[in-house]
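Below is one structure; the comments refer to it alone.
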Amino acid sequence: MELDLTPKLPKQVYGGDGGSYFAWCPEELPMLKEGNIGAAKLALEQYGFAVPRYSDSPKVAYVLQGNKIHNNQTTVKTLVGSQTGKGIVKLNEDFKMPQPKVEDRNGFVINCLEAPLDVDIKDGGRVVVLNTKNLPLVGEVGFGADLVQIDGHSMCSPGFSCDSALQVTYIVGGSGRVQVVGADGKRVLETHITAGSLFIVPRFFVVSKIADPEGMSWFSIVTTPDPIFTHLAGRTSVWKALSPEVLQAAFKVDQEVEQLFRSKRTSDAIFFPPSN
């Protein structure tokens, strides 16, 4: 059966004046079922309130915009006890929520836009990786994540997860092109992608992205707390470690072609700014 990795938009499950809950369907995005994972999006209107709930599985959430408030136990009990609405409700304008405390965020929340950058390439792109070092809780959850922003016409080097992890990628903003190649060398996806779309990269599949003029950003959840990626170009490329003779034999080319190949993109990082 042919693998379908086509990016999808979510469908509304329920909603009202307070906001809406959207989800991606495993029947339309088969890799969700393959990876035993789910994906959803919560959009709250002004004064919208998502009624407290629990889940039988861990979650990783990324706030796209707006503010999120965590409530103390007393307020939650009082509100839920008299709340007749389900899922998402709209609060009265005069309802006062308690001010969130910094200590309540510790160990649970990290601001990706304020966190130290793991990669920062001028006119190329920036990356913040969430792992057990900066957010130890991901070790218990079993997921890692990263927020990537690439500038207009920049390219993210082709790469793959070398620890058999799935990459669940949500396009936060902008647009661009994405290409995915399978372990057998066949191209399984090449498409234009826009904000709001979600797609999944299977284990050991190579993925690359090129931004449109306005740039592109995405948030990826990886099914391992400390993901390791290998890139096929740039400073960390695997080609750099191979001897010239091995490359010549592998590609069946002469020394001149091998030297030309090796001289390209070996000193750059994982993002390639557009040529001037």
Least distance between heavy atoms, Ala165 atom then Val222 atom: CB-CG1, 3.4 Å
Asp212 and His192: CA distance, side-chain angles, deciding distance, side chain to side chain contact (heavy atoms under 4.5 Å, CB included) verdict: CA-CA 9 Å; Asp212 284 340; His192 186 262; 2.6 Å; yes
Side-chain donor/acceptor of Asp146 to backbone N/O of Val127, under 3.5 Å: no
Validation row: Phe22, Ser20 side chains within 4.5 angstrom (heavy atoms): yes
Heavy-atom side-chain proximity of Val201 to Ser161 below 4.5 angstrom: no
Pairing of Arg126 and Asp151 as salt bridge, 4.0 angstrom limit: yes
Leu189 side, atom CG; Asp4 side, atom CG - distance, nearest 0.5 Å: 8.5 Å
ILVMFWY cluster, Leu113 and Val109 together (side-chain gap under 4.5 Å): yes
Rounded distance (nearest 0.5 Å) linking atom CD of Gln149 with atom CZ of Phe271: 9.5 Å
Thr223: side chain to side chain donor-acceptor pair (under 3.5 Å) partners, not counting sequence neighbours: none
Joint cluster assignment, Leu9 & Phe199, ILVMFWY side-chain distance < 4.5 Å: no
Chi angles and distances behind the side chain to side chain contact (heavy atoms under 4.5 Å, CB included) call for Leu3, Met31: CA-CA 9 Å; Leu3 191 62; Met31 286 305 301; 3.9 Å; yes
Leu147 vs Tyr62 side-chain heavy atoms within contact, under 4.5 Å: yes
Pro273 side chain near Lys122 side chain, heavy-atom distance below 4.5 Å: no
Side chain to side chain contact (heavy atoms under 4.5 Å, CB included) between Thr194 and Ile171, intermediate numbers included: CA-CA 7 Å; Thr194 57; Ile171 305 300; over 6 Å; no
Closest approach of Ile200 to Leu29 (non-hydrogen atoms, all atoms of both residues): CD1-CD2, 4.2 Å
Within-4.5 Å side-chain heavy-atom neighbours: Tyr170 and Leu64: yes
Donor-acceptor under 3.5 Å (Ser208 side chain, Gln179 main chain): no
Lys33 vs Glu27, side chain to side chain contact (heavy atoms under 4.5 Å, CB included): CA-CA, chis, key distance, verdict: CA-CA 8 Å; Lys33 186 181 296 185; Glu27 282 69 31; 3.8 Å; yes
Shared hydrophobic cluster for Leu117 and Leu135 (ILVMFWY, side-chain gaps under 4.5 Å): yes
Minimum heavy-atom distance between Lys8 and Trp24, given as atom pair plus value: O-NE1, 2.8 Å
Donor-acceptor contact present, side-chain Asp123 to main-chain Pro274, <3.5 Å: no
Which atom of Trp218 lies closest to which atom of Cys156, heavy atoms considered: CH2-CB, 4.1 Å
Proximity of Tyr14 and Tyr21 rings by center, below 6.0 Å: yes
Whether over 12 other heavy atoms sit under 6.0 Å from Asp17 CG: no
4.5 Å side-chain heavy-atom contact, Val206 and Phe160: yes
Beyond-backbone contact of Pro202 with Leu5, side-chain heavy atoms, under 4.5 angstrom: yes
Same apolar cluster: Val60 and Leu137, side chain cutoff 4.5 Å: yes
Residues, nucleotides or ligands: over 12 heavy atoms within 6.0 Å of Glu28 CD: yes
Asn111 atom CG: more than 12 heavy-atom contacts under 6.0 Å: yes
Expected output: side-chain Asn92 to main-chain Asp94 donor-acceptor under 3.5 Å: no
Shortest non-hydrogen contact between Ala195 and Val172, atoms and distance: CB-O, 3.8 Å
Heavy-atom check, side chain of Lys209 versus side chain of Val148, under 4.5 Å: no
Taking every non-hydrogen atom, the tightest pair across Gly48 and Leu44: O-CD1, 3.9 Å
